[in-house]
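Just passing along the structure, written as structure tokens.
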Amino acid sequence: MNPADPAPHVEAAHAASRPAPSDTQASSLPSPVTASPAWTYDAVAAIYHQPFMDLLSQAQNVTRAHFDANTIQLSTLVSIKTGGCPEDCGYCPQAARYHTGVSADALMPIEEVVAAARAAKARGATRFCMGAAWRSPKPRHLEAVAQRVAAVKALGLETCATLGMLADGQAEQLKAAGLDYYNHNLDTSPAFYGKVITTRVYDDRLQTLQRVRDAGINVCCGGIVGMGESAQDRIGLLCQLANLQPYPQSVPINDLVKVAGTPLADTPDLDPLEFVRTVATARTIMPQARVRLSAGRQAMSASTQALCFLAGANSIFYGETLLTTANPAWDADRHLFDQLGLTAETRSDFHYASA
Ligand code: SAM
Ligand code: DTB
Ligand code: SF4
């Protein structure tokens, strides 16, 4: 960052103090994400730790400057290759080494993937995310996933995949098949990472994210909170995300789903207000990103979810399962949207042209 540039927190404060457009003026078509400023740890910590009402007010103003505050993007997630993963991620029910009752399945046939995508579209989802429990996909996996991506794209859905670390050329192959987003989470701060995962390092994740960006695929990158990390670690993660150039177009914030058999199964609950602070800070420092209230909603009260939306979350996973664990029922989410007067984003609201 040029030293003459205003400090990022000053820019954020300006953005937040701009009069918020009224709902009728608010455009649901904000401009594309552009290069982000360099965030210091202290600037992000100052946002995160400010009085709760100030934080929420700032985050809500930032939301209204860029989005229709009552519109939520719906992504449906399907596990196309479940279980048997060689990695040791301490939170994950799909790691082969933990006894979680998740069996290792073969890749889902393309017809089943297309049927799931059709059903998701009929329910109102605009993005379909395919997850695979791989450390990194082999060339034959990539070919098979590319076919599934092309078939889902042909239904008129946005496509997303999360397949682990990508080798040279694989992101380009996915892009050519029509992939719009690649999900690859940094998960936590660099300092806490080694306490949760030992089979890869932070730089491996950053390298895949670079490959995704270089291929012109939108980045979906976030993390998990509630893993026993400190507030410093949550801030450290947010700082890493905001300093990606550009910051991710999509930022999933997961609250740990505690699965019996995983090393993190008995982690004490995170205070929901800390979760809300994490969402509000993500919104404030990555103003044009879709911030997704991701895993963990099943165990979350309606009031906490409402606070997350107030804090700027404007995307959810919509569907009764995540990858292997439960997510709120369709009806429960429709009821929540009715209670809060929220509407689902439609394709005509899309603001990111496929890169
Ligand atoms: N294997 C690939 C990878 O790790 O990148 C893709 C699938 S992996 C399951 C996708 C993401 O799911 C992880 O990065 C993690 O953030 C999230 N995740 C996995 N288990 C979770 C849990 N128990 N609670 C919350 N999030 C979880
Ligand atoms: C993300 O950030 N969260 C999703 C998606 N990206 C792939 C995964 C959540 C998984 C929760 C545990 C499970 O269902 O297995
Ligand atoms: Fe494997 Fe991904 Fe689970 Fe880690 S998070 S064990 S890499 S499926």
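These numbers come from the heavy atoms of this one structure, side chains and all, not from hydrogens, waters or symmetry mates. Numbers here are sequence positions counted from 1. The structure presented is a predicted model; accordingly, all values stated were derived computationally and were not measured. Whatever order the structure lists ligands and atoms in, that order sets their numbers, starting from 1.
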task = For atom 24 (N) of ligand 1, grab the closest protein heavy atom and report residue, atom and distance to one decimal in Å.
result = Val257 N, 3.0 Å
task = Find all atoms of ligand 2 within a distance of less than 4.0 Å from any non-hydrogen atom belonging to Pro252, and give their numbers and elements.
result = 2 (O)
query = Can you tell me the protein heavy atom closest to atom 6 (C) of ligand 1 and the distance?
reply = Thr162 OG1, 3.1 Å
query = Counting heavy atoms only, which part of Ile224 comes closer than 4.0 Å to ligand 1: side chain, backbone, both or neither?
reply = side chain
inquiry  = Please check whether Asn185 reaches ligand 2 - meaning an N/O of the residue sits under 3.5 Å from an N/O of the ligand, judged on distance alone.
reply    = yes
request  = Using a 4.0 Å heavy-atom cut-off, say whether Pro93 meets ligand 2 through its side chain, its backbone, both or neither.
outcome  = side chain
query = Would Phe192 end up clustered with Tyr41 when hydrophobic side chains under 4.5 Å apart are linked, directly or stepwise?
reply = yes
inquiry  = Whether Arg334 and Asp331 form a salt bridge (side-chain N of Lys/Arg under 4.0 Å from carboxylate O of Asp/Glu) is what I want to check.
reply    = yes
ask   = Closer than 4.0 angstrom: is that true for some heavy atom of Ala132 and an atom of ligand 1?
value = yes
note = atom 12 (C) of ligand 2: closest protein heavy atom, distance to 0.1 Å, is Thr325 OG1, 3.6 Å
task = Heavy atoms only: give me the nearest Ile224-Asp255 pair and the separation to one decimal.
result = CG2-C, 4.4 Å
request  = Please say whether more than 12 non-hydrogen atoms of neighbouring residues, nucleotides or ligands are located less than 6.0 Å from CZ in Arg135.
outcome  = yes
inquiry  = Is it the case that the side chains of Asp88 and Thr199 hold a donor-acceptor pair, with the cut-off being a distance below 3.5 Å and no angle test?
reply    = yes
query = Parallel, tilted or perpendicular: which fits the ring planes of Trp134 and His141, with parallel below 30° and perpendicular above 60°?
reply = parallel
note = d(Gln240 CD, Asp187 CG) to nearest 0.5 Å is 12.5 Å
request  = Run the numbers on Thr126 and Gln73 for side-chain hydrogen bond (donor to acceptor under 3.5 Å, both in side chains), then give the verdict.
outcome  = CA-CA 7 Å; Thr126 54; Gln73 188 274 331; 3.1 Å; yes
ask   = Rounded to the nearest 0.5 Å, what separation is found between the CG atom of Leu322 and the CD atom of Gln298?
value = 8.5 Å
inquiry  = If I take atom OG from residue Ser75 and atom CZ from residue Arg290, how far apart are they, to the nearest 0.5 angstrom?
reply    = 9.0 Å
Selection from Met130, Lys258, Arg205 by shortest heavy-atom distance to atom 4 (O) of ligand 1 = Arg205
ask   = Hey, looking at atom 7 (C) of ligand 2, which of Asn327, Thr162, Ile253, Asn254 has the closest heavy atom?
value = Thr162
key: Atoms of protein origin (N, O or S) under 2.8 Å from atom 1 (Fe) of ligand 3   = Cys85 SG
request  = Check each atom of ligand 2 against the heavy atoms of Thr324 and keep those under 4.0 Å away; list them by number with element.
outcome  = 13 (C), 14 (O), 15 (O)
Which of the ligand 1 atoms, numbered from 1, are nearer than 4.0 Å to a heavy atom of Ala295 = 25 (C)
message = Regarding Tyr48 and Arg234, do their side chains bring together a donor and an acceptor under 3.5 Å, going by distance alone?
response = yes
ask   = Which bit of Leu77 gets closer than 4.0 Å to ligand 2, counting heavy atoms only: side chain, backbone, both or neither?
value = side chain
request  = Determine the sole option in Cys220, Cys221, Cys129 for which the side-chain contact (heavy atoms from CB on, under 4.5 Å) test with Pro252 is passed.
outcome  = Cys220
request  = Give yes or no for whether the N/O distance cutoff of 3.5 Å, strictly under, is met between Leu323 and ligand 1.
outcome  = no
4.0 Å protein heavy-atom contact status of atom 26 (N) of ligand 1, strictly under = yes
Under 4.0 Å to a heavy atom of Tyr91 - the qualifying atoms of ligand 3, by number = 5 (S)
inquiry  = With heavy-atom distances below 4.5 Å as the criterion, would you say the side chains of Leu155 and Phe128 are in contact?
reply    = no
task = Drop me the distance from Glu320's CD to Arg123's CZ, to the nearest 0.5 angstrom.
result = 6.5 Å
inquiry  = Quick check: Trp134 and ligand 1, any N/O pair under 3.5 Å apart?
reply    = yes
key: Cationic N near anionic O, under 4.0 Å, Asp333 to Arg297   = yes
key: Under 3.5 Å: N/O of Leu323 near N/O of ligand 2   = yes
request  = Please check if atom NE2 in His335 has more than 12 non-hydrogen atoms from other residues, nucleotides or ligands closer than 6.0 Å.
outcome  = no
request  = Assess the side chains of Ser57 and Asp54: does a donor N or O sit below 3.5 Å from an acceptor N or O?
outcome  = no
inquiry  = Please report the interatomic distance CD(Glu87) to CZ(Arg97), rounded to the nearest 0.5 Å.
reply    = 7.5 Å
inquiry  = Quick test: of every protein heavy atom, which one is nearest to atom 5 (C) of ligand 2, and how far off is it to 0.1 Å?
reply    = Phe317 CZ, 3.6 Å
key: Identity and distance of the protein heavy atom lying nearest atom 2 (C) of ligand 1   = Gly164 N, 3.6 Å
query = What protein heavy atom sits nearest atom 11 (C) of ligand 1, and how far away is it?
reply = Asn185 ND2, 3.9 Å
ask   = Is Asn183 touching ligand 2 with its side chain, its backbone, both, or neither, if touching means heavy atoms under 4.0 Å apart?
value = side chain
ask   = Which one of Lys81, Arg200, His184, Met165 has a non-hydrogen atom at the shortest distance from atom 7 (S) of ligand 3?
value = Arg200
Protein non-hydrogen atom found under 4.0 Å from atom 16 (O) of ligand 1 = yes
inquiry  = Any protein heavy-atom neighbour for atom 2 (Fe) of ligand 3 (distance below 4.0 angstrom)?
reply    = no
key: Asp255, any N or O under 3.5 Å of ligand 1 N or O   = no
query = In Å and rounded to the nearest 0.5 Å, what is the CD to CD1 distance from Glu112 to Ile110?
reply = 11.5 Å
query = What is the closest protein heavy atom to atom 20 (N) of ligand 1, and at what distance does it sit?
reply = Tyr91 CD1, 3.3 Å
